[in-house]
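Reading through the structure tokens given below for one structure.
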2 protein chains.
Amino acid sequence: MDEKLDRSRELLVQALGRQSSFWGLGKTAGEIYGALYLSPDPLSLENVAARLGLTKGNISIAVRQLEQLGMVRRSWQRGDRRVFFEAEGDFWKIAQSFLGLRHKPEFSQSFAMLEESVRLAGEAVRSAEREQVMERLGSLQEFYRLVDSTVELLLSATPEKMKTMMEMISSAVAGIGGAAERKNLMPAEK
Amino acid sequence: MDEKLDRSRELLVQALGRQSSFWGLGKTAGEIYGALYLSPDPLSLENVAARLGLTKGNISIAVRQLEQLGMVRRSWQRGDRRVFFEAEGDFWKIAQSFLGLRHKPEFSQSFAMLEESVRLAGEAVRSAEREQVMERLGSLQEFYRLVDSTVELLLSATPEKMKTMMEMISSAVAGIGGAAERKNLMPAEK
DNA sequence: TAATACGTTTAGAACGTATTAAACGATGTA
DNA sequence: TACATCGTTTAATACGTTCTAAACGTATTA
């Protein structure tokens, strides 16, 4: 008679599957994470597969992604040669490793290309058009640099500090945003 | 003899195509934006298609996305019934509308599902397992709320304020991060 | 050793998305 | 009116990704 609890679980699994897919991990990865996150104890590969109605092979691959991102750990139990998985519960840790492992490299790649682009433009013959291009490339670079600084900041802080930072930012509305409280956004913790 | 300038352009187009794809817009959308961004004047549909080696129909669809995200505007010229496109140059504006139009709705959807999940768990029969679930759902909710506040803050600020905010954050390393300058991250503006 | 229970790998099927080519409607021009 | 030039829509195709089913290798048990 814990049908309600099952539906609760199922809904969260779907929610995380959705988010996961949105952020470029597969839907499955998010669902796996969700299942593990709500399970009282670690789950075996087959168990996860059964819950989500997927194949072992499928889970095997997806779970590796999750491990690499630090979202899932594997564990063992004496006298049982199965592998068990459990979810990392600290979302700040996860956000950080995701930022560092997924976004940062992709970002750096584009940034490098932008720099090369700037270099090439600098080597082109002087012309009004070249100035146009260089100016625009310059703005883009400035933007990139600022985003990059922020990313680095987030990456260099401990998860705890990261959380604190976000809290500071979130409560700084009055001083900076000015419109947030007028719109009745950001309600106080209830 | 502005081959260098062409290569510079091409490289930026590729960089933005890459980023665009990474962020869930098509590669094409980013490439279109890049082409427009570096062009001194607005480009016609066919012109863009020719530059990127794609079809009119393709561009027509992709450019609509970009318009909806506020990344591209269309313009006209007297005595010419062609439509021209030009890129929005303010990245803060773009980041904001992207956050609001793409991320926020998706985020809200998952958040609503999470809340429903919490509700269901609350209705389940009391048990150790239910407490487990509710506690985890609670942490997740807390995380979501904090992220949500931050998003709302960013959305409610003007692009200019948003930029200022980021600058403040980026220069606040010493006080908060503590590790960033040790790691020689965040070099000063050169 | 043989048999069983795992997790992983692989080739192929299924699926969704991006792209094309062609048709279409609308708008201007001879 | 006939014709040409646009942008858009549509049906078909190409492409990449995800998932499955089966084979495989390894470790454990009898």
Side-chain angles (χ1 to χ4, degrees), chain A residues 13-14 16-36 41-69 71-86 102 106, chain B residues 13-14 16-36 41-69 71-86 102 106:
Chain A
V13 165
Q14 281 185 26
L16 292 190
R18 192 171 173 144
Q19 279 285 355
S20 174
S21 160
F22 181 74
W23 287 100
L25 293 178
K27 177 169 72 91
T28 311
E31 290 180 340
I32 294 174
Y33 178 83
L36 296 176
D41 5 66
L43 299 179
S44 73
L45 195 74
E46 204 157 11
N47 193 330
V48 175
R51 288 182 188 230
L52 302 179
L54 297 171
T55 353
K56 284 189 304 173
N58 199 355
I59 307 294
S60 174
I61 292 170
V63 101
R64 195 181 310 158
Q65 274 194 301
L66 291 171
E67 282 186 273
Q68 288 167 349
L69 289 171
M71 296 177 67
V72 159
R73 283 182 299 273
R74 60 178 66 199
S75 63
W76 294 266
Q77 297 177 14
R78 290 262 158 262
D80 193 333
R81 58 199 185 79
R82 284 179 297 173
V83 177
F84 293 85
F85 300 96
E86 53 186 329
R102 282 275 186 164
E106 183 60 37
Chain B
V13 166
Q14 281 186 25
L16 292 191
R18 191 170 174 145
Q19 279 284 357
S20 174
S21 161
F22 181 74
W23 288 99
L25 293 178
K27 177 168 71 93
T28 311
E31 289 180 340
I32 294 174
Y33 178 83
L36 296 176
D41 8 64
L43 300 178
S44 72
L45 196 73
E46 202 157 11
N47 193 331
V48 174
R51 288 182 188 228
L52 302 179
L54 298 171
T55 355
K56 283 189 305 171
N58 198 354
I59 307 293
S60 174
I61 292 171
V63 101
R64 195 179 311 156
Q65 276 193 301
L66 291 170
E67 281 185 274
Q68 288 166 350
L69 288 171
M71 295 178 66
V72 159
R73 283 182 298 273
R74 59 179 67 199
S75 63
W76 295 266
Q77 297 178 14
R78 291 260 159 262
D80 194 333
R81 56 195 187 83
R82 284 179 299 172
V83 177
F84 294 86
F85 301 95
E86 53 186 329
R102 282 276 186 161
E106 183 60 36

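Chain letters run A, B, ... following the sequence lines, proteins first, then strands; residues in each count from 1.
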A:F85 versus A:P42: any side-chain heavy-atom pair under 4.5 Å?
-> no
Could you give the CD-to-P distance, from A:Q77 to D:dA27, as a whole number of Å?
-> 20 Å
Answer for the Watson-Crick or wobble partner of C:dT20, both distances under 3.5 Å, is D:dA11
Could you state the atom-to-atom distance from CD1 of A:I59 to P of D:dT18 in whole Å?
-> 14 Å
Considering only heavy atoms and no angle criterion, is a donor-acceptor pair shorter than 3.5 Å present between the side chain of A:R81 and the base of C:dA5?
-> yes
B:K27 NZ to D:dG16 P: how many Å, rounded?
-> 10 Å
Rounded to whole angstrom units, what separation is found between the CH2 atom of A:W76 and the P atom of D:dT28?
-> 13 Å
Closest nucleotide of DNA chain C for B:I61 versus for B:K56: which of these residues is on the 5' side?
-> B:I61
Using atom CG of B:L25 as one end and atom P of C:dT17 as the other, report the distance to the nearest whole Å.
-> 14 Å
When you get a sec, tell me which of C:dG7, C:dT20, D:dT8 is the closest nucleotide to the side chain of B:L54?
-> C:dT20
For the side chain of B:S60, counting heavy atoms from C-beta on, which of D:dT8, C:dT19, C:dG7 is nearest?
-> D:dT8
Min side-chain heavy-atom separation A:L54-A:I32 under 4.5 Å = no
Salt-bridge present (B:E106, B:R102; N to O < 4.0 Å) = no
Which whole-number value in Å describes the distance from B:L45 CG to D:dT9 P?
-> 12 Å
Any strand is fair game: report the nucleotide pairing with D:dA30 by Watson-Crick or G-U wobble, both distances under 3.5 Å, or none.
-> C:dT1
Could you tell me the separation between the CD atom of A:E67 and the C1' atom of C:dG7, rounded to a whole number of Å?
-> 12 Å
Please work out if A:G53 contacts a base, only the sugar-phosphate, or nothing of the nucleic acid, heavy-atom cut-off 4.0 Å.
-> sugar-phosphate
Note, B:L16 side chain near B:E31 side chain (heavy atom, < 4.5 Å) = no
Could you work out which one of C:dT20, D:dA27, C:dT8 sits closest to the side chain of A:R74?
-> C:dT8
C:dT19, C:dA5, C:dT8: which one has an atom nearest the side-chain heavy atoms of B:T28?
-> C:dT19
Return no unless some side-chain N or O of A:T55 is found under 4.0 Å from OP1 or OP2 of D:dC19.
-> no
Ion pair present between B:E67 and B:R73, side-chain N to carboxylate O less than 4.0 angstrom?
-> no
Is the shortest side-chain N/O distance from B:R64 to OP1 or OP2 of D:dT9 below 4.0 Å?
-> yes
Atom CG of B:N58 and atom C1' of D:dA12: how far apart are they, to the nearest Å?
-> 15 Å
From the options C:dT20, D:dT9, D:dC6, select the nucleotide whose nearest atom is closest to the side chain of B:E46.
-> D:dC6
